[in-house]
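Comments concern the structure below.
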Amino acid sequence: MILRRGRCLSPLSSSSSSSSSSVSLLQPCSIPLNFFHGTSPATAENGGEPCPEPELVGGPPKLSFACSIQPCADADSLSRLLIGHHNPFHAMESPLQLSGTVALSHGLVLQTLLRLRHASKVALGFFLWARDHAGHRHDADAYDLMVDLLGKVRQFDVVWQLVMEMDQMGVGPSPRTFAVLVRRLAAAGLTRQALRAFDDMEAFVGRPADGSEFNLLLDTLCKYGYVKFAAEIFNKKKSRYPPDEKTYTILMYGWCKINRPQMAAKFLREMSDRGLEPNVVSYNVLLNGICRRASLHPDTRFDGTIRAAEDLFEEMRSRGIEPDVTSYSILLHVYSRAHKPDLSLSLFHSLRGKGISPTVATYTSVVKCLASCGRVEDAEKLLDEMSSNGIQPSATTYNCFFKEYRGRKDVDSAVKLYRTMKTAAVTGESLTPPDIHSYNILVGMFSQLDRPELVRELWEDMSNRGVGPDMDSYTSIIHGLCQKQRWNEACRFFMEMIEKGFLPHKVTFETLYRGLIQADMVRTWKRLKKKVQEESLKFGAEFRNYHFKSYKR
């Protein structure tokens, strides 16, 4: 327990205690089941990206700092050097060789850490080297980013040590630090710990949380699907944090996310009963809840969903609320899911007659519908129209084409679009460069089609650009190599994945294990298992002052 300002704070360890966690690092490991990520790698197989939906109250709170990446040649070189020369069993070796050769600044450190965000172990090694060997004093941004990176790989004991260190160094922690921490705890399913972190924030920042910070807590829990827990907290704390329109809208969004639109409608009525007027965002949340998971086949169910949406439109207008572009984008998304390209185009072209200008999400829903229905030429025409109207297509828009090419096994078209986007990124043209989802879709596609030269090109490109690889990238390529029975390469990527701090899905490890046994490669399996055990021990030894959990979920 940690005593601070007259109250007892828990470091929220998911293990029994910090001391027991550090002792366990010195014991041999037999690769327990909780070594692995417990969920299935479905996102890797479908490209890691959900279908495009209109923005309502936002995605998961955007506190991941990814949007802060700026051009920086020194950070590019430094991150490539750290990753390229990283020794998996002596992670500090390469950074120490840089001593005296790098003039560190807050900007350079932050940009380097951002480029290492998919290699949390390397990132922490650089962070500690900069602090201990280069005499650099980290600012709050660097600490918050490390909290985010380590929270993503569920090293919450270390995260809490960094929070305490921030306090000792006089650089925080701030409400943003706790917002990042709450987000990562919720993403890991540690909802009670997330609430305790929120409650403990007052002892560190010197004031109680306000209503907007309470809304952010509810928002985070709802967006990760824990709306029942969020509603429980809401009922317990609403006397301390009087709810406003945003509070109710957040909870409505949560109920809709778990496919309970009737509960969302109940909260809409409660909102009105409290004298709070619903706005267009509130109605869009309910509209999306009615439409997002409704069964659309056969056509009678599709017709019923459209009638329910139209009834809600009428209710909005009766309150003097006019449907906006997001409202119609939700309907377009329904048409896209139902594979109704003609209806989708008809509604899309009627928007301007209503005085509504389409957004990127609006265009993307129609492009997705056309592409998934095989009307790629029409989708390309709409893409040209989008650009001519001054609306920059997003990577998600282009990913609709990549997914269609994957379904058709059209390698030539996929490679042509990818290289066009890649060239534009290099030359600074307006075309959006590929994002991590683009790479993952293509890596999965080319792995299945046994095009190793294209996989290698993609892998090198996303590594050089600092976009990835991420967890889904490794999962996709390992499963693809296992399908082709290329066991040695699969083992190499598996070890590289672990060395960078990614925790593999249980099914990935089992797939590799079964394949090696069936291929009569028992010795290879034993060597892989031994390396994993060694890495587990070395990982803790390198950072002996930090209570790492050895790759446990």
Side-chain angles (χ1 to χ4, degrees), residues 1-13 18-19 22 61-65 67-68 70 72 75 78 92 95-96 98-100 102-114 116-117 120 122-152 155-185 193-194 196-210 212-214 216-217 542-548:
M1 304 292 279
I2 300 167
L3 193 63
R4 166 156 182 84
R5 293 181 188 166
R7 60 178 301 189
C8 223
L9 301 179
S10 167
L12 307 187
S13 169
S18 296
S19 59
S22 60
K62 296 177 181 178
L63 297 164
S64 65
F65 302 90
C67 60
S68 301
Q70 302 293 333
C72 181
L78 190 53
M92 295 299 293
L96 286 172
L98 301 173
S99 183
V102 180
L104 294 179
S105 65
H106 291 308
L108 177 59
V109 168
L110 186 63
Q111 290 302 318
T112 302
L113 290 174
L114 284 166
L116 297 174
R117 67 194 184 281
S120 58
V122 182
L124 182 62
F126 171 68
F127 180 88
L128 297 180
W129 168 81
R131 185 196 67 188
D132 298 337
H133 298 280
H136 178 75
R137 182 181 173 89
H138 292 300
D139 61 7
D141 283 343
Y143 275 103
D144 286 354
L145 181 53
M146 284 309 308
V147 167
D148 189 56
L149 298 184
L150 292 169
K152 189 175 183 179
Q155 294 289 354
F156 292 112
D157 286 340
V158 187
V159 166
W160 271 101
Q161 288 176 270
L162 290 178
V163 169
M164 297 301 297
E165 187 177 301
M166 289 179 75
D167 187 57
Q168 294 162 5
M169 299 293 290
V171 294
S174 67
R176 183 180 71 171
T177 311
F178 282 90
V180 172
L181 176 55
V182 165
R183 176 194 173 185
R184 289 306 180 193
L185 286 165
Q193 289 91 329
R196 285 161 59 192
F198 174 80
D199 290 338
D200 284 345
M201 181 179 74
E202 179 180 352
F204 285 89
V205 303
R207 63 165 178 81
D210 60 24
S212 64
E213 289 155 356
F214 180 66
L216 183 58
L217 170 67
E542 289 164 9
F543 306 105
R544 57 179 57 86
N545 294 325
Y546 290 83
H547 299 302
F548 272 97

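The first residue of the sequence shown is numbered 1, and numbering continues consecutively from there. Just so it is clear, the model here is predicted, and its values are computed rather than measured.
Heavy atoms only, all atoms of each residue included: Leu185 and Gln193 are closest at CD1-O, 3.7 Å. In terms of heavy atoms, Ala123 sits closest to Leu113 at O-CD2, 3.5 Å. Residues Leu149 and Ser120 come closest through the heavy atom pair O-CB, 4.1 Å. The two atoms that bring Met201 and Ala209 nearest to each other are CE-CB, 3.5 Å, heavy atoms only. Trp160 approaches Phe178 most closely through the heavy-atom pair CH2-CE2, 3.9 Å. Scanning both residues, Val180 and Asp144, for their nearest heavy atoms gives CG1-O, 4.1 Å.
Side-chain contact between Leu181 and Val159: present, with at least one pair of heavy atoms (C-beta onward) separated by less than 4.5 Å. Looking only at side-chain heavy atoms (C-beta outward), Pro173 and Val205 stay at 4.5 Å or farther from each other. Between Phe204 and Met166 the shortest side-chain heavy-atom distance does not fall below 4.5 Å. In this structure the side chain of Leu145 never reaches within 4.5 angstrom of the side chain of Phe127, judged on heavy atoms.
Ion pair Glu213/Arg176 not flagged as a salt bridge, since none of the NZ, NE, NH1 or NH2 atoms sits closer than 4.0 Å to an Asp/Glu carboxylate oxygen.
Here CE of Met169 is found 14.0 Å from CE of Met164. Values are rounded to the nearest 0.5 Å. Atoms CD and CD, on Gln161 and Gln155 in that order, are 10.5 Å from each other to the nearest 0.5 Å.
Using a distance-only test at 3.5 Å, with no hydrogens or angles considered, a donor-acceptor pair links the side chain of Arg117 to the main chain of Leu114. Proximity of a side-chain donor or acceptor of Arg184 to a complementary backbone N or O of Leu150 within less than 3.5 Å is not detected.
No option in Gln111, His138, His136 other than His136 meets the side chain to side chain contact (heavy atoms under 4.5 Å, CB included) test with His106.
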Going through the checks in order, is the side-chain contact (heavy atoms from CB on, under 4.5 Å) test met by Thr112 and Phe126? CA-CA 9 Å; Thr112 302; Phe126 171 68; 3.8 Å; yes

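Residues forming a side chain to side chain contact (heavy atoms under 4.5 Å, CB included) with Ser212 (at least two apart in sequence, or on another chain): Asp210.
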